[in-house]
K.L.:
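Got a structure for you, written out below as structure tokens; questions coming shortly.
Just so we're on the same page: letters track the sequence lines, and every chain starts at 1. When reading the values below, keep in mind they use all heavy atoms of this one structure, side chains included, and skip hydrogens, waters and symmetry mates.
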Amino acid sequence: MDILQTFEAIWAARWPILDGFGNTILISVVSILLGTPLGVVVGLILSYGNTALRFAVRLYSDFLRGTPVFVLILACFYILSVVGIQLSALQAGIFSLTLFCSSHVGEIVQGALKAIPKGQTEAAKSVGLTFFGTFFSVLLPQALRMILPTWVTTATEIVKASTLLSVIGVVELLLATQQVISRTYLSLELYFFAGFVFFLINFAIEKAGRFVERKVSLPT
Amino acid sequence: MDYNFNFAAVWRDFDLLLSGLGLGLILAVVSIAIGCLIGLFLAFGMLSKKRPIRWAATVYVSAFRNTPILVLILFTFFALPELGIRLGKIESFIVTLAVYSGAYLTEVFRSGLVSLPSGLREAGLTIGLTESRTKILITIPVMFRRVLPALGNNFISLFKDTSLAAAIAVPELTFYARKINVETFRVIETWMVASLIYVLACSIIAAILRRIESRLSIPR
Amino acid sequence: MTAPVLEITNLHKSFGKVEVLKGINLTMQSGDVVSLIGSSGSGKTTLLRCVNLLEDYEDGVVAVAGEQIGYTQRNGRRIRLKEKEIARQRAMTGMVFQHFNLFPHMSAIRNVMLGLIKTRKMRNDEAYATAEGWLDRVGMKDRKNHYPGQLSGGQQQRVAIARAIAMNPALMLFDEVTSALDPELISEVLAVVKDLAFDGMTMLLVTHEMQFAHDVSDTVVFMQDGRIGEEGPPDQLFHSPKSERLKAFLKSSKF
């Protein structure tokens, strides 16, 4: 492995690689930002919805979590175009990662809500809070603290899953790297480079997560 | 939406899909068996008294958990041959999934080991067992039962990751689904059937795992 | 004549097939302090929880300040009120729980302010001043910025009392408020409750502290098997009980 040659190759291709990096960040951030609130709604319905609604959302969540995210991406990409919803590969990819994110966040939100003692709801009700008041002032802040570590893991999973969009032609970091490889044949060096960048992104997410955890942890 | 459903084309190739499912399951079982060995080994490494060993195990886990598996798959298959390590598609995928799952399983086993009461090891030593025999006869069997649910969840998620073997043309379920998709253009049917097979397979695996769990659980 | 603060008429409540309240009648005027005593499973906590509809009830009427709690009659049918109405009615009473149920993610003063802001629609500074006043009253002003996790059980319970009474309720409900406390912390909480009683607060208490019930109540109600077994002034109930059941109960609770 010629280190200098590798750096030269990467430097020469810095703009396409940065473009790909930007797309990876964009895909991940948008999917997480859309998928998380959707997931909170999923968790809310799984916890408090009426029977029919709960059943439907249960089906949605189980189906999404039982399907490999790769299959989900391919299915969304091909099916959406057939049923006449014209999305770009990037949009279809973000759409499928959003669904993926929502089902996982939904599960962990449901778990967290279940773990909050009943007395919290009763105390909130007894000072006259409505269902939504109770949810937003009392339950959600506690649930969010509980889900934070798992949610951070989900975020890193989304970043990793964003590489799968390369298969449907979205030029994110992995595909951008592959395009450089096809010109330079430096597959060993460049795959390693791409892997390392992903590692750094996720490492940073984990560290940031820990930091926020410490920030919002309750004094005892 | 103007789409006429026609499952006949998919049914014709249903045996292909099933054979793909079979291969996926084999890939998962073999990889995870190897991954368990790696995980067990590293879990003890993470709890070692020697700092370099602890550090090495931590780096392994952090590196492989935070790198997208697709990058690892491509690296093993396309880049390693440059170092003279030439593996077939299937072997290459098994190696990748084993190494990747090893990182996840290390965490599973580590938390299992940490949760054991320290009296367990001490009791083993007191009756005259050596450290290693205490591990094999007492610590590991008790820990194994405790982590069984987590192990099961990891198995299911790693089974879903076998769908990525399609990226290097390993003929598993997703590979055949893409093939049928391209050959028949029965887009919706193909992906519906493929993801349904995954969902069903996952729930059957989950049910079997629950059976094993209750079979192996320590009576109380 | 103004309506009684609490008027319970022929209250029935079941959990599935088990009837836990079998026709309760109870009236409280302003300033009354009523203690519910009885063995566990006699229905006293359930009775208390029906008053602010933490438990639905099937038959009879619970009325606070002349207003039926939780239900209305329409065309001869009994209809459960809307969520929003019930929330408003719950704020007419204040409740203190056995396990405090403070909100762990809020400081003591935020715990007290929540209902004032969300339900009483107070401005932030107004709610802060009110909450601070009540925390002072229960002796917790110097710990107003502590989180529940930083407080002892007795301190948490005093904050919980401030949280309930700051809402200016017509009636305070106390559900075994010292049962979860270490013995040395019980007296500080009872002192606060006593203080409120002598101040004229209308209170309905479920308690296992017989001496306390004796000292603080105008009326003591002995419950057995979902009915009121005996009721009367504390001296009469504790010193000349009529029924064998009450005698046995008092003996077992070492009064």
Side-chain angles (χ1 to χ4, degrees), chain A residues 36 40-41 43-45 47-51 53-54 108-152 209-220, chain C residues 48-49 51-55 82-107 110-121 131 145-151 156 159-160 162-169 171-175 180:
Chain A
T36 300
V40 170
V41 174
L44 200 56
I45 293 174
S47 304
Y48 305 111
N50 63 31
T51 317
L53 204 54
R54 219 169 47 223
I108 52 182
V109 166
Q110 188 204 8
L113 288 175
K114 214 185 212 166
I116 297 174
K118 256 185 87 135
Q120 290 293 309
T121 312
E122 294 182 351
K125 281 179 174 176
S126 70
V127 289
L129 264 58
T130 56
F131 176 78
F132 282 102
T134 304
F135 181 71
F136 284 110
S137 297
V138 175
L139 300 179
L140 191 60
Q142 294 185 56
L144 288 181
R145 277 188 181 80
M146 275 192 240
I147 71 166
L148 187 61
T150 332
W151 183 77
V152 169
R210 294 271 157 71
F211 177 76
V212 175
E213 244 174 87
R214 270 200 306 277
K215 274 272 162 184
V216 301
S217 77
L218 300 168
T220 46
Chain C
L48 197 73
R49 288 163 62 87
V51 175
N52 67 352
L53 214 72
L54 286 182
E55 303 289 354
K82 291 224 164 19
E83 168 75 22
K84 220 174 168 170
E85 273 297 290
I86 292 174
R88 182 187 60 78
Q89 290 186 332
R90 284 201 178 104
M92 293 163 64
T93 56
M95 182 144 187
V96 184
F97 299 86
Q98 180 178 357
H99 295 287
F100 333 136
N101 299 348
L102 288 184
F103 307 126
H105 58 300
M106 297 179 185
S107 62
R110 286 275 153 201
N111 262 278
V112 183
M113 287 167 67
L114 182 67
L116 300 178
I117 292 171
K118 298 283 174 193
T119 310
R120 293 283 182 253
K121 308 291 178 202
N145 291 324
H146 285 50
Y147 281 78
Q150 297 171 296
L151 300 172
Q156 288 189 54
V159 174
R163 175 175 71 182
I165 199 157
M167 299 287 292
N168 193 22
L171 169 69
M172 283 285 285
L173 308 168
F174 292 87
D175 185 10

K.L.:
Considering only heavy atoms, which portion of C/F97 lies under 4.5 Å from any heavy atom of chain A: side chain, backbone, both, or neither?
P.N.:
side chain
K.L.:
Under the 3.5 angstrom rule, does the side chain of C/R120 hit a backbone N or O of C/A91 as a donor-acceptor pair?
P.N.:
yes
K.L.:
Which residues satisfy the salt bridge (charged side-chain N to carboxylate O under 4.0 Å, His left out) test with A/E122, sequence neighbours excluded?
P.N.:
C/R49
K.L.:
Name the region of C/M92, side chain, backbone, both or neither, that has any atom closer than 4.5 Å to a heavy atom of chain A.
P.N.:
neither
K.L.:
Does any part of the side chain of A/T121, heavy atoms only, come nearer than 4.5 Å to the side chain of A/V138, both counted from C-beta?
P.N.:
no
K.L.:
Would you check if A/V127 and A/L129 make a side-chain contact, meaning some heavy-atom pair closer than 4.5 Å?
P.N.:
yes
K.L.:
Tell me, for A/L218 versus chain C, whether the close heavy atoms (under 4.5 Å) come from the side chain, the backbone, both or neither.
P.N.:
side chain
K.L.:
Between atom CZ of C/F103 and atom CZ of C/R163, what is the distance when rounded to the nearest 0.5 Å?
P.N.:
4.5 Å
K.L.:
According to side-chain hydrogen bond (donor to acceptor under 3.5 Å, both in side chains), who are the partners of A/S137, at least two apart in sequence or on a separate chain?
P.N.:
none
K.L.:
Please classify the contact between C/L102 and chain A as side chain, backbone, both or neither, with a heavy-atom cut-off of under 4.5 Å.
P.N.:
backbone
K.L.:
With a 4.5 Å heavy-atom cut-off, do A/Y48 and A/L53 have their side chains touching?
P.N.:
no
K.L.:
Checking C/H105 against chain A: side chain, backbone, both or neither under 4.5 Å from a heavy atom?
P.N.:
both
K.L.:
Pull out the residues in residues 110-120 of chain A that come under 4.5 Å of chain C, heavy atom to heavy atom, sorted by number.
P.N.:
A/G119, A/Q120
K.L.:
For residues 86-107 of chain C, which residue pairs pass the salt bridge (Lys or Arg N to Asp or Glu O under 4.0 Å) check, not counting sequence neighbours?
P.N.:
C/E67-C/R88, C/E85-C/R88
